[in-house]
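Here the structure is a predicted model, which means the values were calculated and not measured. Throughout, a chain's letter reflects where its sequence line sits, starting with A, and its residues are numbered from 1.
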Amino acid sequence: MSLKIKYVPVFVKNVKATIDFLITNLEFKNFGPSLIFDNNSCILLKNEETDLMLGVFERHANDNYMNLIILNTVDCLKDYHKLRAMGINFLSTPQYSEMGLAAKFADMANNNYLLIEERNYTDQ
Amino acid sequence: MGYLKVLNNNNKVYSNVSSQRYQKPQTGDLSFKFVLSGEEKYSLGRRQLAIHPDSFLLINKGTEFTSTIESNLPVESFSIDFDQQFLQDFTNCLRLKSSQLLDHTTDRISIIDFDETIYPFKGDINYNIKHLKRHLDAGLQDELLINEYLHHSLVNYYNIYDTEIVKKSENLTFLNKSTKIEILRRLNLAKEYMLSNYNNSIDLDMIAKHSCLSVNHFLRTFKQAYCQSPYQFLTQVRLQRARILLKTTDYSVNEIVNLVGFECSSSFIRLFKSKYQITPSRFKIPA
């Protein structure tokens with residue numbers, strides 16, 4: 001299983017104000033399509049100098065996330081199948097979005113993981 | 001070189017690499033036919049269809065077909081035959097509520113006959129099929145995982161069908177639904193004729209005749225359905241095929257101009273640059 005962390009998720013009350021702050025003051029730029037999953041969308045930002053990428057999510061009152069870790073994979077279906085066979089509790093089956101294919105799972109401590117295979121739909 | 005994998009649920013996956021091959025007339029389950037490099041020709045009744053790496057063919061259960069490969073270069077074919085029960089379960093999962101799925105007495109949804117034509121091989125189905133093929137080439141035996149890919153390729157196909165057939169027929173301005181369906185079926189005949197004969201000199205009369213429509217009627221309805229003229233569609237196919245040849249073969253730009261049916265290299269270069277924002281020579285040699 002080849003996984004890597006590419007995006008750091010940030011949960012905020014005011015997405016617009018946070019993005020304005022990050023773009024204006026910390027030299028972040030909008031990067032690619034929004035990541036939409038389970039009706040929860042995030043704006044992806046990239047700092048050109050450091051390549052740091054942030055996923056800015058809106059924090060909802062009823063969210064019970066301890067953490068969200070976004071894991072990038074080259075083959076979501078294969079890793080989904082492998083993790084399920086190991087007894088991992090997936091919160092949804094793999095879903096398609098404009099960014100690619102993703103599935104969400106949780107660990108015993110209620111940390112959430114988003115397994116995502118980014119797909120380039122424009123280069124075909 | 002190749003393999004035929006028959007799964008326990010009777011789904012079949014077939015992979016083959018050859019430069020000369022003729023498959024005699026046969027019928028089977030609903031099948032997706034892909035070509036990952038080169039060109040494979042299919043005959044379905046009187047229709048002669050050519051499949052390239054940017055397209056795939058759907059053949060319904062029971063349709064008789066033959067296929068031919070005649071090439072100087074190896075052609076990679078890949079096909080999937082879906083067992084009827086697997087398709088039935090998939091269709092039920094898609095259309096019935098969970099509670100109905102548990103009810104054995106519930107009438108099952110009948111599997112529809114899809115439009116037997118050429119579809120674009122891009123987006124999610126392209127990713128999923130290529131992942132599957134890579135794993136099978138490496139010796140994957142896990143049938144649960146193979147079936148997961150097959151399930152997803154059907155999900156992807158339904159989306160393609162919705163985009164290419166349902167939404168395109170909705171673009172037509174006819175009031176009668178059956179007229180829309182019939183016109184779109186004929187337009188598909190024209191589309192697959194262009195996709196299969198893009199490298200020949202073809203004109204509007206020939207294409208319209210192939211779709212059993214008058215030239216005017218064909219032009220008007222084609223534009224309505226696909227929001228582009230047949231000429232624009234044909235040019236796009238030629239550019240797309242040129243792009244594949246530039247990336248995967250050693251042919252020179254001038255040879256590719258002839259292979260994809262352009263008459264003049266300067267207009268090819270101009271159109272290619274306008275579409276892909278890069279010249280063909282630069283595209284061929286990555287910086």
Can you tell me which portion of L132(B) sits under 4.5 Å from chain A's heavy atoms? Options are side chain, backbone, both or neither.
neither
Indicate yes or no: at least one non-hydrogen side-chain atom of D75(A) is less than 4.5 angstrom from one of Y149(B).
yes
Could you walk me through whether N156(B) and Y96(A) pass side chain to side chain donor-acceptor pair (under 3.5 Å), step by step?
CA-CA 10 Å; N156(B) 302 148; Y96(A) 294 94; 3.2 Å; yes
Using side-chain heavy atoms (C-beta onward) and a distance below 4.5 Å, is L144(B) in contact with H81(A)?
yes
Nearest 0.5 Å, what's the OG1-NE2 distance between T93(A) and H151(B)?
7.5 Å
Any chance the side chains of N128(B) and R119(A) put a donor and an acceptor closer than 3.5 Å?
yes
Assess whether atom NZ of K46(A) is packed by more than 12 heavy atoms of other residues, nucleotides or ligands within 6.0 Å.
yes
Is it true that Y127(B) and N120(A) share a donor-acceptor pair across their side chains at a distance under 3.5 Å?
no
What part of K78(A) lies closer than 4.5 angstrom to a heavy atom of chain B: side chain, backbone, both or neither?
both
Interface moiety of H152(B) toward chain A, non-hydrogen atoms closer than 4.5 Å
both
Less than 4.5 Å apart, any side-chain heavy atom of K82(A) and any of L145(B)?
no
For a 4.5 angstrom cut-off between non-hydrogen side-chain atoms, does Y80(A) reach E148(B)?
yes
Which region of D54(B), side chain (C-beta onward) or backbone (N, CA, C, O), has a non-hydrogen atom less than 4.5 Å from a non-hydrogen atom of chain A, or is it both or neither?
neither
Heavy-atom count check: over 12 atoms from other residues, nucleotides or ligands less than 6.0 Å from E27(A) CD?
no
